[in-house]
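The chains referred to below are lettered A, B, ... by the order of the sequence lines, with proteins before strands, and numbering in each begins at 1.
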There are 2 protein chains.
Amino acid sequence: MTENHALPLYVQTAERLIREINAGRLLDGERLPPERDMAQDLGISVGTLRKALADLTDKGMLDRVQGSGNYVRHSPDATSVYAFFRLELVDGGGLPTATILSVDRLEKPNDLPDFGASRYGFRIRRLRRLGGVPAAVEEIWLDGAAKDQLITEDLSESLYLYYRDQLGLWITRAEDSVGVGHVPDWAPEAFPAVPGSVCGYVERLSWAQTGDNIEYSRTWFDSDKVRHITRMK
Amino acid sequence: MTENHALPLYVQTAERLIREINAGRLLDGERLPPERDMAQDLGISVGTLRKALADLTDKGMLDRVQGSGNYVRHSPDATSVYAFFRLELVDGGGLPTATILSVDRLEKPNDLPDFGASRYGFRIRRLRRLGGVPAAVEEIWLDGAAKDQLITEDLSESLYLYYRDQLGLWITRAEDSVGVGHVPDWAPEAFPAVPGSVCGYVERLSWAQTGDNIEYSRTWFDSDKVRHITRMK
DNA sequence: AGGAATTTGTGCGTATGTATC
DNA sequence: AGATACATACGCACAAATTCC
């Protein structure tokens with residue numbers, strides 16, 4: 001009995017191309033070789049390659065132009081659903097940055113929803129800024145199974161990039177639940193809203209390409225300055 | 001010169017199946033015939049049919065189960081982006097209903113964002129319930145160019161169905177902006193939150209399949225009972 | 001301007017794998 | 001275990017859009 005646990009060839013191919021693009025070996029705007037040539041180089045049929053390319057197109061990482069060619073689109077976050085879920089200043093604009101407040105490995109508290117396989121999780125608390133202005137405080141729970149240790153210095157400004165580059169995980173599905181909350185008591189003084197006061201509140205569950213539900217996060221945002229935006233197509 | 005203005009066969013096939021489903025000739029949960037049989041009936045190849053079925057799956061109108069069959073899913077709004085943007089009771093469950101409070105044709109006020117072509121718009125105010133419980137009040141602005149007149153009796157519970165069946169428009173893109181607001185002074189007494197008190201707030205811009213930005217809406221929801229949910233894949 | 005070459009899009013057929021019944 | 005049905009993969013022919021000479 002010859003069991004085949006490998007992913008379908010077109011999925012492997014799509015992921016391979018995504019890695020090439022993310023690693024910068026395929027640049028933004030670059031035109032790929034003709035499909036027939038690519039397929040031959042990869043040792044697969046044109047149809048299989050086309051299915052992989054269609055996947056990338058869906059993800060917004062590729063433009064396919066009949067009669068012309070396939071063109072790479074590599075905007076920094078086009079690969080993530082986070083491109084569609086984000087905080088924005090009411091006035092618009094403002095570069096996002098984040099300061100880590102704390103990182104701890106803890107047993108998951110009971111008030112967290114079920115997510116991930118481990119009893120433990122990493123709790124990351126951050127202060128997020130938009131254009132330098134403190135905009136939100138955030139508590140992220142990363143499932144303990146994702147990594148043994150997590151060192152503050154390792155974490156990049158973008159957790160998405162950290163997941164992808166250090167853990168080999170990327171978020172492909174997310175579910176947001178938005179309402180009104182109260183600023184948590186651990187919010188730093190830099191955050192203008194007083195602990196306990198009313199503010200916007202987002203809960204998010206995120207799933208990686210593996211299908212695992214690896215992350216749960218809560219964000220409290222200053223509703224006077226910030227909006228939570230979603231675009232759907 | 002014989003120009004061919006027809007859409008691709010797989011698109012025609014997908015649209016044909018969508019019409020069959022919307023017309024109720026294919027019922028929810030119904031299993032389609034095997035792909036080979038269907039393809040033969042339709043006079044097309046299996047590959048072409050599969051492409052059409054994949055389209056329907058993307059749209060959430062079909063479940064494809066290997067080894068079993070293709071199953072129709074006909075939830076009333078599965079075809080709309082509104083399937084992904086919605087209010088839910090914190091406790092879960094609850095059928096959505098809506099009561100029209102007022103319908104007026106007005107000049108668009110200045111505090112509305114730019115949307116649609118007309119100077120005028122229809123303002124629809126509704127009280128929305130979930131499982132009978134008043135959950136939100138809503139003000140919807142439909143661009144005046146969409147219709148000459150709008151009669152309260154014409155409006156169905158689901159504005160989405162009204163747009164689709166009466167106006168020939170369906171929403172294919174939307175952008176939500178969520179924050180904290182204050183209950184408007186026109187909120188009916190049935191709505192439990194007091195006018196002026198703090199509540200959840202959603203602004204939405206919606207685009208039809210024509211590419212036109214036809215609708216702008218504002219929703220104030222009772223944050224104690226209701227959450228605004230978004231799912232993204 | 002126009003035609004040839006290139007490149008992706010569409011459509012068909014077939015063989016084999018894998019999940020379900 | 002066998003039959004059924006969808007999933008994957010390959011290859012080919014022609015159409016349509018673009019590019020280049």
Nucleotide [N], atom [atom2] - distance to [atom1] of [X] in whole Å:
X        : N       : atom1 : atom2 : value
Asp63(A) : dA17(D) : CG    : C1'   : 15 Å
Gln40(B) : dA5(D)  : CD    : P     : 14 Å
Met38(A) : dT6(C)  : CE    : C1'   : 17 Å
Leu56(B) : dC6(D)  : CG    : C1'   : 16 Å
Leu49(A) : dT8(D)  : CG    : C1'   : 15 Å
Ile44(A) : dC10(D) : CD1   : P     : 7 Å
Asp55(B) : dG11(C) : CG    : P     : 12 Å
Leu7(A)  : dT18(C) : CG    : P     : 13 Å

Does the side chain of [X] get closer than 4.0 angstrom to OP1 or OP2 of [N] through an N or O atom?
X        : N       : value
Asn70(B) : dC6(D)  : yes
Arg50(B) : dC6(D)  : no
Tyr10(B) : dG11(C) : no
Arg36(A) : dT8(C)  : no
Ser68(A) : dT19(D) : yes
Lys51(B) : dT10(C) : yes

Among [options], find the nucleotide with the atom closest to the side chain of [X].
X        : options                   : answer
Glu35(A) : dC6(D), dG9(C), dC12(C)   : dG9(C)
Gln66(A) : dA19(C), dA15(D), dC12(C) : dA15(D)
Pro34(B) : dA5(D), dC12(C), dA7(D)   : dA5(D)

Mapping Val11(B) and Gly69(A) to their closest nucleotides on DNA chain C, which lands nearer the 5' end?
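Nearer the 5' end of the strand: Gly69(A).
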Closest-nucleotide ordering on DNA chain C, the 5'-leading residue of Gln12(B) and Val65(B):
Gln12(B)
Residue mapping more 5' on DNA chain D - nearest nucleotide basis, Gly67(B) or Thr48(A):
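Closest to the 5' end, via its nearest nucleotide, is Gly67(B).
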Flag the pair Trp141(B) / Tyr216(B) as yes when their ring centroid distance falls below 6.0 Å, and as no otherwise.
no
Mind running side chain to side chain donor-acceptor pair (under 3.5 Å) on Glu138(B) and Thr219(B) for me, showing each step along the way?
CA-CA 4 Å; Glu138(B) 193 169 50; Thr219(B) 305; 3.2 Å; yes
Parallel, tilted or perpendicular: rings of Tyr160(A) and Tyr82(A) (30°, 60°)
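Because their plane-to-plane angle is over 60°, the rings of Tyr82(A) and Tyr160(A) count as perpendicular.
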Looking at Arg218(B) and Glu203(B), does any basic side-chain N land under 4.0 Å from a carboxylate oxygen?
no
Electrostatic pair Asp176(A)-Arg231(B), nearest N-O below 4.0 angstrom
no
